[in-house]
Every structure is written in structure tokens, then in C-alpha cells.
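Values in this document were obtained by computation on a predicted structure and should not be read as measured data.
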Amino acid sequence: MTLHQELTGGAVGGVAIAASPRGLTAIEHPTCAAAIWQRKPLDSFLNWIEALPAHDLPKARVILRPHDVRQAMTDVVQGYGLPDCDERTMLVDDVAALAQIFAGVTEAPYLRLRLDVISTNACRKFHVDTLTARLICTYRGTGTQYGISSNGQDPERIFTATTGSPIVLRGKLWPAETAPDLVHRSPLIEGTGETRLVLVLDPIISLEEAREEQFLH
């Protein structure tokens with residue numbers, strides 16, 4: 001069971017656009033600042049997740065091993081009372097698959113998983129995260145925005161990752177210098193009535209990095 005249909009894509013200044021999950025490994029290339037797996041969610045999934053009331057959208061913030069993500073997500077969606085249906089299974093399967101892919105790219109033994117429900121201008125300023133890398137996938141609503149910064153200014157051209165397309169972004173702690181200067185932000189949605197559901201995955205090498213956060217065995 002899959003969430004998406006694959007699309008082909010090109011490249012935008014330092015951003016690799018791929019039509020398969022293997023393309024996310026492009027983040028390892030010296031000139032790559034971000035990699036996007038360009039894909040289109042199935043209409044049945046989009047219709048289902050858009051129809052869910054905002055207060056029913058699942059939230060989570062945990063640290064766990066990649067192979068534990070599927071069970072953790074199953075517990076989360078059940079805890080929020082989402083009906084047992086194909087689309088719920090697609091969401092769980094997709095988050096689990098992205099966790100495995102991202103852990104493989106970053107060689108991280110643990111992941112910080114956040115599932116955020118957003119209806120305001122969260123992270124409205126363009127920035128670079130203070131970590132090695134981050135995966136962001138927007139399942140509902142407008143995707144992450146990104147662009148090239150010159151001399152610390154906001155990008156002149158702003159691009160938006162499509163809904164359902166995971167983007168892997170290098171952070172300030174990536175072990176090699178990144179060029180060009182790619183920055184990103186959450187879209188400005190406050191006052192529009194839009195509610196986003198966003199998955200964020202961060203690599204955790206040692207549990208000492210996040211000892212105050214929840215860890216699932």
C-alpha cells in the first residue's frame with residue numbers, strides 16, 4: 001500500500017529533485033544543500049486527511065529507534081481515535097518508511113520524531129537548523145519554503161516543497177561546508193484558516209544529546 005505517485009523533476013540551485021527515495025542520498029554530494037523526493041499523494045489520501053477535523057490530527061514528539069517508528073505511529077493514530085482505514089495505514093507506513101530512509105542517509109541510531117499540527121506562522125523566519133540534517137514532510141497543507149540567501153538576506157526567489165514530498169536539508173553541523181546558502185521556513189498561513197500536519201525527523205547519535213526528551217524502547 002503506497003501513499004503516492006512518483007513524479008519526475010529537475011534541479012533548483014543546490015537542491016536535488018528526485019523521483020525516488022534513493023535520490024535523497026544526493027544530500028551527501030558536496031554541492032547539495034537539500035534533496036527532495038518529489039511525489040504526489042493519492043487523491044484518496046489527500047481527501048481523507050483534509051476532511052479530518054484539526055483537533056483530530058495526531059501529534060507526537062518522541063525519540064526512538066528507526067525500527068520502532070511503525071509501532072509508535074500506530075499507537076499515536078489509535079490514541080487520537082483516527083478510524084482504521086487504508087488512508088490511516090498509508091500514513092503510518094509512510095512515516096515508518098521515511099524514518100528508515102532518513103536513518104540510512106544520516107547513519108543515525110535514533111531519531112527525534114515530531115508530528116506537528118500547525119495553524120500559525122511557526123518558524124516564519126528563513127534560517128538554517130543547528131543540527132546535521134533534518135527531514136520535513138508536510139502531509140496536509142502548504143509545504144516547507146526554501147530559497148538561496150545572499151549576504152544573510154531573505155531569498156529573492158522562494159520555492160515551496162509540494163505536499164507529501166519529503167525534503168532533507170543540511171544543517172549548520174553538517175561535517176562539510178554547504179554551498180550555496182540554502183535557507184528555509186514554514187509558510188505564512190496565519191489568518192488563512194489552514195491547518196498543516198508536518199512530520200519532522202532529526203538524527204540523534206547519542207541519547208545524551210536529548211536526555212530530557214521521551215525515549216521509546
Side-chain angles (χ1 to χ4, degrees), residues 3-4 6-7 9-21 23-27 32-41 45-46 49-50 54 57-61 91 94-95 97-99 101-102 105-106 111-150 152-174 178 180-203:
L3 170 73
H4 66 279
E6 291 186 358
L7 303 174
V12 177
V15 179
I17 309 294
S20 74
L24 293 178
T25 60
I27 196 69
C32 184
I36 299 175
W37 175 12
Q38 185 77 9
R39 57 184 192 167
K40 183 181 184 301
F45 179 84
L46 286 177
I49 203 164
E50 286 289 348
L57 293 173
K59 300 178 184 178
R61 185 183 178 91
L91 177 62
D94 197 69
V95 173
L98 291 181
I101 292 167
F102 186 60
V105 170
T106 59
L111 296 174
R112 179 189 293 110
L113 183 154
R114 285 179 17 225
L115 202 58
D116 290 336
V117 177
I118 302 169
S119 57
T120 61
N121 291 341
C123 297
R124 62 184 298 166
K125 294 184 178 181
F126 281 102
H127 65 284
V128 179
D129 296 309
T130 306
L131 36 67
T132 55
R134 169 169 284 173
L135 182 147
I136 305 173
C137 183
T138 302
Y139 287 107
R140 168 168 155 169
T142 307
T144 296
Q145 295 182 323
Y146 60 92
I148 304 301
S149 172
S150 178
Q153 302 299 309
D154 285 351
E156 293 185 3
R157 297 182 63 194
I158 298 173
F159 302 90
T160 303
T162 57
T163 303
S165 294
I167 178 171
V168 175
L169 298 138
R170 285 190 184 184
K172 294 179 181 179
L173 303 184
W174 187 268
T178 299
D181 295 324
L182 189 85
V183 292
H184 67 280
R185 72 175 182 186
S186 296
L188 305 182
I189 61 170
E190 191 167 335
T192 66
E194 179 179 334
T195 300
R196 305 170 66 226
L197 179 64
V198 182
L199 170 70
V200 180
L201 296 175
D202 298 334

(message) Let's go through K40 and T162 carefully: what are the C-alpha distance in whole Å and the side-chain angles of both, what is the deciding distance for side chain to side chain contact (heavy atoms under 4.5 Å, CB included) to 0.1 Å, and is it a yes or a no?
(response) CA-CA 8 Å; K40 183 181 184 301; T162 57; over 6 Å; no

Side-chain touch [X]/[Y], heavy atoms, less than 4.5 angstrom:
X	Y	result
I136	Y146	no
V95	L113	yes
R185	P155	no

Verify, without hydrogens or angle tests, whether [X] (side chain) and [Y] (backbone) share a donor-acceptor contact under 3.5 angstrom.
X	Y	value
H184	F126	no
R134	V200	no
S165	A161	no
R140	T195	yes

What distance separates [X] [atom1] from [Y] [atom2], expressed to the nearest 0.5 Å?
X	Y	atom1	atom2	result
I49	T163	CD1	OG1	10.0 Å
I101	L135	CD1	CG	8.5 Å
Q38	S20	CD	OG	12.5 Å
L173	T132	CG	OG1	7.0 Å
L201	R114	CG	CZ	10.0 Å
T106	L131	OG1	CG	10.5 Å

(message) Determine whether D94 and R39 satisfy the following criterion, side chain to side chain contact (heavy atoms under 4.5 Å, CB included), listing intermediate values before the conclusion.
(response) CA-CA 12 Å; D94 197 69; R39 57 184 192 167; 2.7 Å; yes

(message) Please determine whether side chain to side chain contact (heavy atoms under 4.5 Å, CB included) holds for the pair L182 and V128, giving the CA-CA distance in whole Å, both sets of side-chain angles, and the decisive distance to 0.1 Å.
(response) CA-CA 7 Å; L182 189 85; V128 179; over 6 Å; no

Between [X] and [Y], which heavy-atom pair has the shortest distance, and what is it?
X	Y	result
K125	H127	O-ND1, 2.9 Å
T144	R196	N-NH2, 4.0 Å
L197	P58	CD1-O, 3.5 Å
A18	G23	CB-CA, 3.4 Å
A26	A35	CB-CB, 4.5 Å

(message) Using the rule side chain to side chain contact (heavy atoms under 4.5 Å, CB included), only one of V105, L169, I167 pairs with I27; which is it?
(response)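 The option that passes is V105.
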
(request) Test side chain to side chain contact (heavy atoms under 4.5 Å, CB included) on W37 and L98 and set out the steps. (result) CA-CA 10 Å; W37 175 12; L98 291 181; 4.0 Å; yes

(message) Test of understanding: with side chain to side chain contact (heavy atoms under 4.5 Å, CB included), list the residues that count as partners of T160, not counting sequence neighbours.
(response)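 Side chain to side chain contact (heavy atoms under 4.5 Å, CB included) check on T160 returns T142, Q145.
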
